[in-house]
Each structure stands twice: as C-alpha cells, then as structure tokens.
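Just so you know, ligand 1 is whichever comes first in the structure, and atom 1 is the first atom listed for that ligand.
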Amino acid sequence: MARARDPIADLRRIAFLLERANEATYRVRAFRSAAKALAGLPAAELTERAGNGTLTELAGVGDVTARCVAESLAGEEPVYLRRLVATEGSDLDAEATALRAALRGDCHTHSDWSDGGSPIEEMALAAVELGHEYLVLTDHSPRLTVARGLTAERLRRQLDHVAQVNAALPEGFRILTGIEVDILADGSLDQDDDLLARLDVVVGSVHSGLKDERSKMTRRMLKVVANPHLDILGHVTGRMVSSRPAGVTGPGDRGHRARTRAESDFDADAVFAACAEHDTAVEINSRPERQDPPKRLIRRALEAGCRFAINTDAHAPGQLDWQRFGCERAALCGVPADRVINTWSAEQLVAWTHNRT
Ligand SMILES: [Zn+2]
Ligand SMILES: [Zn+2]
C-alpha cells in the first residue's frame, strides 16, 4: 500500500528545522534518534505499531515522535511540522515583541490576600507602570489552604476592597475581579456559583491529584471546560520544569521550591477540542519554572482552534513583567495576537466572559 507521506522524512525535516531555529540539542536529537530507530523497521511493522500505539516501546521513540509518525502515516502533515513551517523564516524575536506589545492586561495574578507577597494596591501600581490597562486579580479558592485560599466570605470582602482601590487608581486602568479556582477531583469548581458568576474572570487550575491516571484526569478536565463559569484553563499540565528562578522570593507558591514535576496525563486533543467548542481559553503560563503548557501542546491547542491567555501568574509586582517569556513561547508556536484574549480591552474581555456565563 502506497503511503501518502514518509514519516521518517517528516521526522528528519522536523529535526532540521528545529536545529536551524537553534532549539535545544536534546530536542533535535529526539527526532533524529526516532528517525534512525524507525528507518530500520519493516513498513508493515511501522504501520502496525502506529496503529496499536506500541511505537513508544522502541528505544528512541517518545510520545511526540510517535504522534508525528501516526499523523504522517495517516497522510497528514504532522502538526509539529506544520507549526514549525508556519513560523519558518519569521523573525521570532520581533513576533514575540509584537505579541507582548499587543497585550493590554494580565489575567492571572495573586496578592497577599492568598499566597502572593504584596498588597493589591502594589500589584495594581506595578501593572500601571508596565502600561497595562487592567489586571485581573485571581487569588486562590478555599480548598487550597496552603495558599490561604479565600473563603466565599473573604472573597466578598475582597470584592468590596477592590472597588475602593479602583476608585483611587489612575483613569484608564482598573483591577478586574477574578479567582484562580481549584478544579476539584470531580471536575467541579471550588467556589459558590453566585460568586463565580459575579467575577469578571474565572481562571480554573488543577492543584491536586496531578498524578491521577489519564482517563480520570481527562474526565475531570472535560467536565470543567464545559462549565460556563470557567473562562481560562490555568497552567494546563501542572508541570514544573525547574526550581524557583533566581530572585523569586516571597511567600508565593509555597511548596513549589526546588523541585520538578511531570506533566499530568490527559487526552490533550479531547480537552483542547472541548476548549474550542466551549470557547474556554487555554492559558500560556509565563512563569519560568512552569512554562506550561509545553510548546508541543500549545501547537495542538492552536490547531484545535483554541483561544489563549498569556498570563504571568505573578505572586509579586516584579513578576508582572514575565509576560515576555510566555510571548516568546507563543511566537515559537505561531500563536497569532487575534487568538489571545488579553490583547482585548477590559470592556471586550468582560463582555466575552459575561457572555459565556
Ligand atoms: Zn495555580
Ligand atoms: Zn496562580
């Protein structure tokens, strides 16, 4: 049977493009090793293994390369290759700069009401200085006790406080109300519905059971993505790629110091398809130790038609300037500004979130 595409050639092409783009050597090597491992395989075995999902049993073949092969064999240009080709020849530095310049606010930030290190006022003033038009305040929900998550009562008090702070802030800037609400094990949200409906922006994140098995995690995420209160799916995989970066101090992110954590396992294509269907934005979390989702998943979310929010998840004023990191990763994946909800004005953003609930 004639193949529409040559998967080995596709893997080699990806390696070449990654290398030319000066990407990390280990990444280039992953595609070259996979190409080498698979080149020696009889065509029938390759097809069979791609079909029953056993390509990854071969030394040198990982999840990403196996998926590229499966797409190739199905006659499609692998998503990974398509996104690389789409960004080929563009000045990624200029693209990242343009994307950063297009951002008008930040949709995921913490204050000292939960596990941030600074008062709301200070976070807001730093955002004003950065040129933002708005800052969404998203302190944690009750279940996250280690982060002093806000009870319904404390959140109501915070809303009153934010109204007072807003009255004193410069014209043309405002704090939008919000929450980073825990996604509970059953996919429900850890805050009262009436409060969630009242908030301008709802970010939902998984902070527990990150090692749950694939089908359970997929169910949990599909359920929450369909929840009309949820606007943005936060740090999608929960991974930690490095310890706390230098200069990052303060009470924020307690327990996140000096450790790495694997991505949680779920059916990303199903979850992103649901995000596109329910118009739930996928967060590109800019924190250097998170870099979540990884680029291969940003590429898949983009292909699925998702919107994005490029957020800092800042726990201190200086961290509000970390959006650049998220923009660089978004640019590498070819995310256009018109898919990013925080390129909108505060009015457009709030119109969108309220229209969804
Ligand atoms: Zn979080
Ligand atoms: Zn957060």
- [ ] Could you confirm whether His140 has any N/O/S atom lying under 2.8 Å from the Zn ion (ligand 2)?
- [x]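 False for His140.
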Open item on the list: Quick check on the Zn ion (ligand 2): does His110 put an N/O/S atom closer than 2.8 Å to it?
Closed with: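 It does: His110 brings an N, O or S atom closer than 2.8 Å to the Zn ion (ligand 2).
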Task: Donor + acceptor pair across side chains of Arg356, Thr280 (<3.5 Å) - done: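 A donor-acceptor contact under 3.5 Å links the two side chains.
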Open item on the list: As a test of reading the structure, name the N/O/S atom of Asp313 that is nearest the Zn ion (ligand 2).
Closed with: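 For Asp313, the N, O or S atom at the smallest distance from the Zn ion (ligand 2) is OD1.
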Open item on the list: Looking only at N, O or S atoms, which one in Glu180 sits nearest to the Zn ion (ligand 2)?
Closed with: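 Of all N, O or S atoms in Glu180, the Zn ion (ligand 2) lies closest to OE1.
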- [ ] Would you mind checking if Arg174 and Glu347 are paired as a salt bridge, meaning a charged N to carboxylate O distance below 4.0 Å?
- [x]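 Salt bridge present between Glu347 and Arg174.
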Task: Arg20: salt bridge (Lys or Arg N to Asp or Glu O under 4.0 Å) partners, not counting sequence neighbours - done: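 Scan of Arg20 (salt bridge (Lys or Arg N to Asp or Glu O under 4.0 Å), adjacent residues dropped) gives Glu88.
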- [ ] Could you go through the salt bridge (charged side-chain N to carboxylate O under 4.0 Å, His left out) check for Lys295 and Glu328 one step at a time?
- [x] CA-CA 10 Å; Lys295 283 181 288 181; Glu328 281 168 3; over 6 Å; no
Open item on the list: the Zn ion (ligand 1) and His235: any N/O/S contact shorter than 2.8 Å?
Closed with: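 Here the distance criterion (N, O or S atom, under 2.8 Å) is met by His235, so yes.
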Open item on the list: For Glu303, give me all partners under side-chain contact (heavy atoms from CB on, under 4.5 Å), at least two apart in sequence or on another chain.
Closed with: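 For Glu303 the side-chain contact (heavy atoms from CB on, under 4.5 Å) partners, ignoring immediate neighbours, are Val79, Arg82, Arg83.
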